[in-house]
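Residue numbers start at 1 and run along the sequence shown. Note that the coordinates shown come from a computational prediction; the quantities given were computed from them, not determined experimentally. As the structure lists them, so they are numbered: ligands from 1, and atoms in each ligand from 1.
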Amino acid sequence: MEKLFVISGPSGVGKGTVIKRFLEQNPQFALSVSCTTRPPRPNEIPGVNYFFLTRSEFETAAAAGEFLEWAEFAGNLYGTRRENIRGGKIILEIDTQGALQVKEKLGENATLIFIAPPSFEDLEKRLRGRGTEDEETVQKRLNIVKNELELSKQFDHRIINDDIDDAARNLEALIC
Ligand code: 5GP
C-alpha cells in the first residue's frame, strides 16, 4: 500500500516553495500533479504544474470515478486522479477539504500536514505581493483561510512557515 503525505495550507503561505525545497533534497518522493479547471498562470506548464481541464472534462472524469478526491476552491474545481497515487512515497498538495476526503478513504495510510503562516497579516501581505490574482480573487482566498484554519484542527501535524529552510527541515523530520 502506498504512503500518502497530504500537505495543505492557505493560499500564499508558501507551501509550494517549501515542498519544492523538500523535493530537491528528497528525490525519493514524487509530487502528484492535480487536475484543475482554473486557467493557467503565465509561468505554469500544462502537465507539470497542473493538468488544465474544462469544467465539462473535469465533471466527466469525476462522474467516472477517476478522482481519489476533488473539491471546489474559489470557484474552480481541483482533483487528484486515482492513477497518480500508485506506488512509492507520494506528496499531494491539495486543499483542506480534499485532504480530509483522503484521510476518510485511506485512514492511517495518509498523513495530513498543515502549513500555517506566522500570522494572518503576514499571509495577506504574501498573497498580495505575489501579484498573480486580482483583488476580488485575493478577497475570496482570504475569506477561505478562516475555514481552512478550522478544518486544519483535524490534521495530524502543523508546520509554521516563517523560514523556508526551517519549514522544509521540519517536513523532513516528520515524514522521512
Ligand atoms: P492554486 O489555484 O493556488 O494553484 O490552488 C488553490 C488551492 O487548490 C490550493 O489550496 C491547492 O493546494 C489546492 N489544490 C491543488 N490541487 C488540488 C487537488 O487536486 N485537490 C484539491 N482538493 N485541492 C487542490
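Within the 6.0 Å centre-distance limit, the rings of F67 and F58 are counted as a close aromatic pair.
Annotation: W70 places no N or O atom under 3.5 Å from an N or O atom of ligand 1; distance criterion only. Between E148 and ligand 1, not a single N/O pair is under 3.5 Å apart.
Between K15 and P10 the shortest heavy-atom distance is NZ-O, 3.7 Å. When every heavy atom of F114 is checked against every heavy atom of G9, the shortest pair comes out as CE1-CA, 3.7 Å. E150 and K153 make their closest contact through OE1-NZ, 3.0 Å (heavy atoms, listed as atom of the first residue, atom of the second, distance). Residues L123 and S11 come closest through the heavy atom pair CD1-O, 3.3 Å.
Applying the 4.0 Å criterion to heavy atoms of G79 picks out, from ligand 1, the atoms 18 (C), 19 (O), 20 (N). Taking every heavy atom of R38 and a limit of under 4.0 angstrom, the matching atoms of ligand 1 come to 1 (P), 2 (O), 4 (O). Residue E93 has at least one heavy-atom neighbour below 4.0 Å for each of these atoms of ligand 1: 12 (O), 14 (N), 15 (C), 16 (N), 17 (C). Which parts of ligand 1 touch A71 is read off a 4.0 Å heavy-atom cut-off, strictly below it: atoms 22 (N).
Of all protein heavy atoms, the one lying nearest to atom 4 (O) of ligand 1 is Y50 OH, 2.5 Å. When only non-hydrogen protein atoms are considered, atom 20 (N) of ligand 1 lies nearest to E69 OE2, 2.7 Å. Protein heavy atom nearest atom 13 (C) of ligand 1, with residue, atom name and distance: D95 N, 3.6 Å. Counting only heavy atoms of the protein, atom 19 (O) of ligand 1 lies nearest to S34 OG, 2.7 Å.
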N/O donor-acceptor pairs under 3.5 Å from side chains in residues 93-107, not counting sequence neighbours:
unit_1	atom_1	unit_2	atom_2	d
D95	OD1	G98	N	3.0
D95	OD2	Q97	NE2	2.7
Q97	NE2	E72	O	3.1
Q101	OE1	W70	N	3.4
Q101	NE2	W70	O	2.8
K103	NZ	A110	O	2.7
K103	NZ	D156	OD2	3.1
K105	NZ	L68	O	2.5

Compile the donor-acceptor pairs under 3.5 Å between side chains in residues 39-53 and protein atoms, sequence neighbours left out, one pair per line.
unit_1	atom_1	unit_2	atom_2	d
R41	NE	E133	OE2	3.1
R41	NH2	E133	OE2	2.8
E44	OE1	R38	NH1	2.9
E44	OE1	R38	NH2	3.4
E44	OE1	R41	N	2.8
E44	OE2	R38	NH2	3.0
N49	OD1	I45	N	2.6

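Cluster annotation: L77 and F73 are assigned to distinct hydrophobic clusters (Ile/Leu/Val/Met/Phe/Trp/Tyr, side-chain heavy-atom contacts under 4.5 Å, transitive).
Residue contacts with ligand 1 for R81 are absent, since no atom lies close enough (heavy atoms, distance under 4.0 Å). Of the heavy atoms in E72, none comes closer than 4.0 Å to ligand 1. Residue contacts with ligand 1 for Y78 involve both N, CA, C or O and side-chain atoms from C-beta outward (heavy atoms, distance under 4.0 Å).
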Practice task
Check step by step if side-chain contact (heavy atoms from CB on, under 4.5 Å) holds for I159 and I113.
Solution key: CA-CA 7 Å; I159 293 172; I113 300 158; 3.9 Å; yes

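Each of K125, E124, R130 was checked for a side chain to side chain contact (heavy atoms under 4.5 Å, CB included) with L127, and the lone residue meeting it is R130.
In this structure, Q97 has no heavy atom closer than 4.0 Å to ligand 1. Distances shorter than 4.0 angstrom do not occur between any heavy atom of F67 and any atom of ligand 1. Between K15 and ligand 1 there is a heavy-atom distance shorter than 4.0 Å.
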